Amino acid sequence: MLGVAFFGRDGHREPFTPEDVKLAEEVANRAAVCLDNARLYSRERETALRLQRSLLPQEIPPLTGLEITYRYLPGSEGAEVGGDWFDVIPLSGDRVALVAGDVMGHGVRAAATMGQLRMAVRTLATLDMLPDDVLSRLDDVVQNLSEIPYATCIYAVYDPVARRCCVANAGHPPPVLRYPDGGAAPVDLPRGVPLGVGGVSYQATEIELPEGATLVLYTDGLIEQRGQDIEAGIERLCRVLDARGGALEQVADDVISALHRGNVDDDVAMLIARVIALPSDRVRTWQFLPETTAPGRARRLIRETLCFWDLSQLTDTAQLLATELVTNALWYAYGPIELRLIYDRALLCEVVDGDTRSPRQRQADSDDEDGRGLELVSKLAHRWGSRPLANGKVVWFELALPG
């Protein structure tokens, strides 16, 4: 039972005829089909919306050097849920990946594809790949899906120590950067082609983010309006950001209220990141020439620094593991060696050299004289790993803070 239809006539008109009854039955049948379709559509839309929300980040983890807020708004009641998404992924070295994407299409299928791409991005991010390589691999993932969808994505990696952000774009609207002293503009970077096209390469661009700068990643539902060019929507976003300052949550609310029209056909996903200064006394960086004295100098500097930070309990372990990494760089790499210590939620040690080959942990035999360095790092460090650079690599380890 979907409802009841009532037909009535006043006493001054003729009673219903059999033809009237047939017309009423036809009207009722058509109304019943419309009501049933609406009910099924509402159920499907609610399912897609729940799936979409469950696949988006539920909370943002604590980050170094960034303040983050986000917004997700589904399309209006007359529109199907789309594949808009965002993500915040902590990386090694206190870096963080900021991601926004949009799967073309609507409904449960688009939401499910969005979930697959988000998990693929998270998996690729753990490999510490460069942003352009992440998008190239993600393009391969899209082409291997049973039904190849098209999707856009922007992937940015921010380093809070260098305050630099490396960005690659796959057909997505460009991020907007608001400077600390006012003024906002889209970031100038190659647009790239959407994921799923195949046979193309992507290009990464590095930009500097000064203290207090605000970076905004978004999907096209925020800036698109019927009958207007997308560049006009980006200009409106820049004007709104230029006029808004203060708390980040208020900035997000102001942007949504100014640009989101309520009755829209597409979802809106927006990610806003503001740069916070990393205390300069919590970072130490040194460079060594490739000389045999480098490991000894590294041990001395680590001991002095951890004593200054009141972390003397970690001195022996930090010296031992850093010596292994510096010695490996001295033997197997070339050029200057850089050592960096970061005191944050853990003690992070990074060693940079000019060799692009990734270190490989191996099981040393009982009579081997070497080959145990990385095994020692793996056993004593809380976490460790390596990541490529344009002209070398970084090998790092973390030690949990006392207590």
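From a predicted model like this one, the values you see are computed outputs, not experimental measurements.
A donor-acceptor contact shorter than 3.5 Å is absent between the side chain of Y343 and the backbone of V283. Q319 places a side-chain N or O within donor-acceptor distance of the main-chain N or O of R299, the cut-off being under 3.5 Å. A donor-acceptor contact shorter than 3.5 Å is absent between the side chain of H172 and the backbone of P194. With hydrogens and angles disregarded, a donor-acceptor distance shorter than 3.5 Å links the side chain of D139 to the backbone of G196. Judged by distance alone, with hydrogens and angles left aside, the side-chain atoms of T317 form no donor-acceptor pair with the main-chain N or O of L314 at under 3.5 Å. Judged purely by atom type and a 3.5 angstrom limit, D344 has no side-chain atom pairing as donor or acceptor with the backbone of A346. With hydrogens and angles ignored, the 3.5 Å screen pairs no side-chain donor or acceptor of R303 with any backbone N or O of T315.
For the pair V142 and L117, the minimum side-chain heavy-atom distance is below 4.5 Å. L241 has its side chain within reach of V255: a pair of non-hydrogen atoms, C-beta onward, lies under 4.5 Å apart. Looking only at side-chain heavy atoms (C-beta outward), R297 and F288 come within less than 4.5 Å of each other. Taking 4.5 Å as the limit, every side-chain heavy atom of F86 sits out of range of all side-chain heavy atoms of L217. Considering only heavy atoms from C-beta on, V197 comes within 4.5 Å of Y150 through its side chain. A 4.5 Å side-chain heavy-atom check between Y155 and D132 finds every atom pair outside the cut-off. The shortest distance between side-chain heavy atoms of K393 and V352 does not fall below 4.5 Å. Counting heavy atoms from C-beta outward, L306 and S312 have side chains that stay 4.5 Å or more apart.
Using a cut-off of 4.0 Å between Lys/Arg side-chain N and Asp/Glu carboxylate O, R284 and E304 are scored as not salt-bridged. D87 and R118 are joined by a salt bridge, as a carboxylate oxygen and a charged side-chain nitrogen come within less than 4.0 angstrom of each other. Note on R137 versus D140: no salt bridge recorded, every NZ/NE/NH1/NH2 to OD/OE distance being 4.0 Å or above. Using a 4.0 Å cut-off between a side-chain N of Lys or Arg and a carboxylate O of Asp or Glu, K22 and E26 do not qualify as a salt bridge. Look at E25 and R30 and you find no salt bridge, because none of the NZ, NE, NH1 or NH2 atoms lies under 4.0 Å from a carboxylate O.
With values rounded to the nearest 0.5 angstrom, L189 atom CG is found 13.0 Å from Y202 atom OH. To the nearest 0.5 angstrom, T323 atom OG1 is 11.5 Å from L330 atom CG. Considering CG of L401 and NE2 of H382, their distance stands at 10.0 Å, rounded to 0.5 Å. Between Y332 atom OH and T327 atom OG1 the span is 10.0 Å, to the nearest 0.5 Å. Rounded to the nearest 0.5 angstrom, W384 CH2 and L321 CG are separated by 11.0 Å. Once rounded to the nearest 0.5 Å, the distance linking CG of D355 with CG of D353 reads 5.5 Å.
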One pair to check against side-chain contact (heavy atoms from CB on, under 4.5 Å): Y72 and D267. What are the steps and the verdict? CA-CA 8 Å; Y72 171 73; D267 296 9; 2.6 Å; yes
Take L380 and L399 through the test side-chain contact (heavy atoms from CB on, under 4.5 Å) and record every step on the way to the result. CA-CA 8 Å; L380 296 182; L399 297 177; 5.7 Å; no
Please determine whether side-chain contact (heavy atoms from CB on, under 4.5 Å) holds for the pair L145 and Q116, giving the CA-CA distance in whole Å, both sets of side-chain angles, and the decisive distance to 0.1 Å. CA-CA 9 Å; L145 296 177; Q116 289 178 294; 3.8 Å; yes
Carefully, step by step, assess T219 and D102 under the rule side-chain hydrogen bond (donor to acceptor under 3.5 Å, both in side chains). CA-CA 7 Å; T219 56; D102 185 3; 5.5 Å; no
Are L339 and C349 close enough, and set up right, to give a side-chain contact (heavy atoms from CB on, under 4.5 Å), and what steps lead you there? CA-CA 7 Å; L339 172 66; C349 177; 3.5 Å; yes
Give the C-alpha distance, both sets of side-chain angles, the deciding distance and a yes or no for side-chain hydrogen bond (donor to acceptor under 3.5 Å, both in side chains) between E324 and N328. CA-CA 6 Å; E324 292 292 340; N328 284 348; 5.3 Å; no
Chi angles and distances behind the side-chain hydrogen bond (donor to acceptor under 3.5 Å, both in side chains) call for S136, D133: CA-CA 5 Å; S136 296; D133 292 333; 5.1 Å; no
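S257 and D254 share no side-chain donor-acceptor pair at under 3.5 Å.
Within 6.0 Å of CG in D181 there are more than 12 heavy atoms belonging to other residues, nucleotides or ligands. Annotation for D188: atom CG does not count as buried by contact number, only 12 or fewer foreign heavy atoms lying within 6.0 Å. Atom CZ of R191 has more than 12 heavy atoms from other residues, nucleotides or ligands within 6.0 Å. Atom CZ of F7 has more than 12 neighbouring heavy atoms from other residues, nucleotides or ligands inside a 6.0 Å radius. Taking a 6.0 Å sphere around OH of Y179, one finds it holds 12 or fewer heavy atoms contributed by other residues, nucleotides or ligands.
Of the listed residues (R387, R383, E398), just one forms a side-chain hydrogen bond (donor to acceptor under 3.5 Å, both in side chains) with S92, and that residue is R387.
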